[in-house]
Amino acid sequence: MKILAIETSCDETAVAVIEATGDSKSAEFNVLGNALLSQIELHREYGGVYPSLAKREHAKNLTPITRAALTEAEMIVSNRVDLNDEVKAKITELLHREPEMTSAFLEFVQEVEVPNIDAIAITHGPGLAPALWVGVNFAQALALAWDKPLVPVNHMEGHIVSSLLKENKIENVKLPLLALLISGGHTELVLMKDWLSYELIGQTRDDAVGEAFDKVARMMDLPYPGGPEISKLAEKAREEGLEEVFNLPRPMLDSKDCDFSFAGLKTSVLYALKELPNLNGEDKKNIAHAFENAAADVLKAKTLKAIEEHGVQSLVLGGGVSANHHIRRVFEETISEKHPEVDLYLPEPKLTTDNAIMIGVAGYFRALRKEFATEIKADGNLKVH
Ligand code: KG4
Ligand code: ZN
C-alpha cells in the first residue's frame, strides 16, 4: 500500500510518501519521498509557536511540500487534468478560508496526473487547532481531487509506532507495551495491552516536560526551542566533570500514581536564578545540568513504577524530548540493569521531531483496519468508523 501522509499539527509542514507491506505482526516501510519545512526560525522571535502564523505558513507551504514529496517518490507526471465543476466547487468551499492556497492547489492538481497512491493519511489531533485545520482541509481537498480514501491519524500514535521502527521494520513487538510520550505539549505514560488500543496511566498535572525545558531556557535567555540548548549545556557540564551544584527538587517522585509535575521544578530554577543576578556561562551550565538530571530522574522513576505495576514487556520513548541524549542514556542503562526482559525502543533521531513518516506508519495500520473518514466536512471534524 502506498500512502501520502501529511502532518501540520504544530510548526512543521511535513509530507511523506511511504510504501508499506505486511500486518501488525510484521510490517515493512519504505520512505519513497519525504519533504519537511520547519517554521522554527519564524517562531523564534515570539519565543514559542504563534498559532496564526503557523497556520498561514502551512497554507503557503502545503502545496509545494506535497509536490516535493511526490517528486522525490517519482510520482509526478505532468499532464493537464481538468477537474469537473462539482469537485472544483466542493474544493473551493473546503478551502474558502485560504484563497491563496486554493489557487495554488487547483493549479497543482490540474497539471499533474493522479499519483499512484492508495490513501491519504492526515493528522487530525492533538495539536494547535488552526494548524490542524489547514492540514485537514488540504488533505480533504486532495482526497476529493484524486478520489482517494482519507485516514485520520492521531499524532501521539504516530510518535509511538514510528519509535518501533527498526531498519524500516516493525515486528515481534511484545505486549503490554508502555509508551513514555514526552514533547512540548505532552508528558504521558500510555499503556498498550492490545495492539493500537491505549490506556492513559499517567500524565503531567501542569507543564509538559518539553515546555519546562523551553521555559527554563527562556529564563536564561537561550533561544527557542530550549530543549536542545539546555541539553548542550548540560552535556558540557558533564564533559567537564562539573559537580551538580544546585539541588533541585524531584516533584512527585514518591507519589503513589504515575503522574508527573514539572511546574515546581521550573519555579525552583527561577528561585535559583534570582540568587544569581550576574548569570554567567558557568552558572548556565550548572543550572542546565541540575535541571536535566532532575527531569530525567522523575521520568525514569515514574516509568519504572508503571513497568512494574503492569508487567510491561516493551518500552517506547516518543516525542521531541526523546531526542535528549541524557534521557536516552538514562533509559538504556536503567532498562538493561533493572528490566533486561523489557525491549526498549528509542526513536531514530530524525523521527523524534514532528514529521510525516510517523503519520504514514500509523496511517498504514489504521488503513489496514479500514478506518477511513466517511464524511468530509469543511470544519475539520472527521468521522471515523
Ligand atoms: O514532539 P515535538 O517536536 O513537538 C510537540 O508536539 O510538542 O516536541 C518539541 C519539544 C520542545 O519542547 C523542545 O524543546 C523539545 O521537544 N526538545 C528537547 C530536545 N529536542 C527537542 N528537549 C530536550 N532535549 C532535546 N534534545
Ligand atoms: Zn509531536
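These values consider heavy atoms only, across backbone and side chains, with no hydrogens, waters or symmetry-generated copies. Both ligands and their constituent atoms are indexed starting at 1 by order of listing.
- Short contacts between ligand 1 and G185, defined as distances under 4.0 Å to a heavy atom of the residue, involve ligand atoms 7 (O).
- Atoms of ligand 1 lying under 4.0 Å from any heavy atom of T353, numbered from 1 in the order shown and given with element: 3 (O).
- The protein heavy atom nearest to atom 15 (C) of ligand 1 is V321 CG2, 3.9 Å.
- Checking each of N61, N355, T66 against V15 for a side chain to side chain contact (heavy atoms under 4.5 Å, CB included) leaves exactly one that passes, namely T66.
- In this structure, atom 21 (C) of ligand 1 lies nearest to the protein heavy atom G320 O, 3.4 Å.
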Trace of the side chain to side chain donor-acceptor pair (under 3.5 Å) decision for E7 with S9:
CA-CA 6 Å; E7 153 69 37; S9 68; 2.6 Å; yes
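- H289 contributes no side-chain N or O that, together with a main-chain N or O of N286, makes up a donor-acceptor pair within less than 3.5 Å.
- By the 4.5 Å heavy-atom criterion applied to side chains, K148 and L142 are not counted as neighbours.
- Using a non-hydrogen distance threshold of 4.0 Å, H159 registers as a contact of ligand 1.
- Inspection of the D206 and S261 side chains reveals an N or O donor paired with an N or O acceptor under 3.5 Å.
- Among protein heavy atoms, the minimum distance from atom 4 (O) of ligand 1 is reached at D354 OD2, 3.4 Å.
- The pair E41-R44 counts as a salt bridge, with a side-chain nitrogen and a carboxylate oxygen less than 4.0 angstrom apart.
- Among protein atoms, those of element N, O or S found less than 2.8 Å away from the Zn ion (ligand 2) are H155 NE2, H159 NE2, D354 OD1.
- Ring pair H155/H159 is perpendicular by interplanar angle, where above 60° counts as perpendicular and below 30° as parallel.
- Closest protein heavy atom to atom 24 (N) of ligand 1: N324 ND2, 3.0 Å.
- Among R329, R328, K285, R238, the one residue that satisfies the salt bridge (Lys or Arg N to Asp or Glu O under 4.0 Å) test with E292 is R238.
- Between the side chains of E308 and H339, at least one donor N or O sits under 3.5 Å from an acceptor N or O.
- With hydrogens and angles ignored, the 3.5 Å screen pairs a side-chain donor or acceptor of Q110 with a backbone N or O of L106.
- The aromatic ring centres of F291 and F246 sit 6.0 Å or more apart.
- The G210 neighbourhood of ligand 1 comprises atoms 12 (O), with distances under 4.0 Å to a heavy atom of that residue.
- What sits closest to atom 9 (C) of ligand 1 on the protein, heavy atoms only, is G184 N, 3.8 Å.
- In this structure, P228 is part of the shell of residues with a heavy atom less than 4.0 angstrom from ligand 1.
- Scanning S38, A217, G227 for the heavy atom closest to atom 18 (C) of ligand 1 points to G227.
- Scanning all protein heavy atoms for the shortest distance to atom 14 (O) of ligand 1 gives D214 OD1, 2.6 Å.
- Distances below 4.0 Å separate heavy atoms of S183 from the following atoms of ligand 1: 1 (O), 5 (C), 6 (O), 7 (O), 8 (O).
- Under the salt bridge (Lys or Arg N to Asp or Glu O under 4.0 Å) rule, K302 has a single partner from D259, D257, D254, which is D257.
- Under a 3.5 Å cut-off, the side chain of E188 and the backbone N or O of L181 do not form any donor-acceptor pair.
- Each of the atoms 14 (O) of ligand 1 lies under 4.0 Å from some heavy atom of P225.
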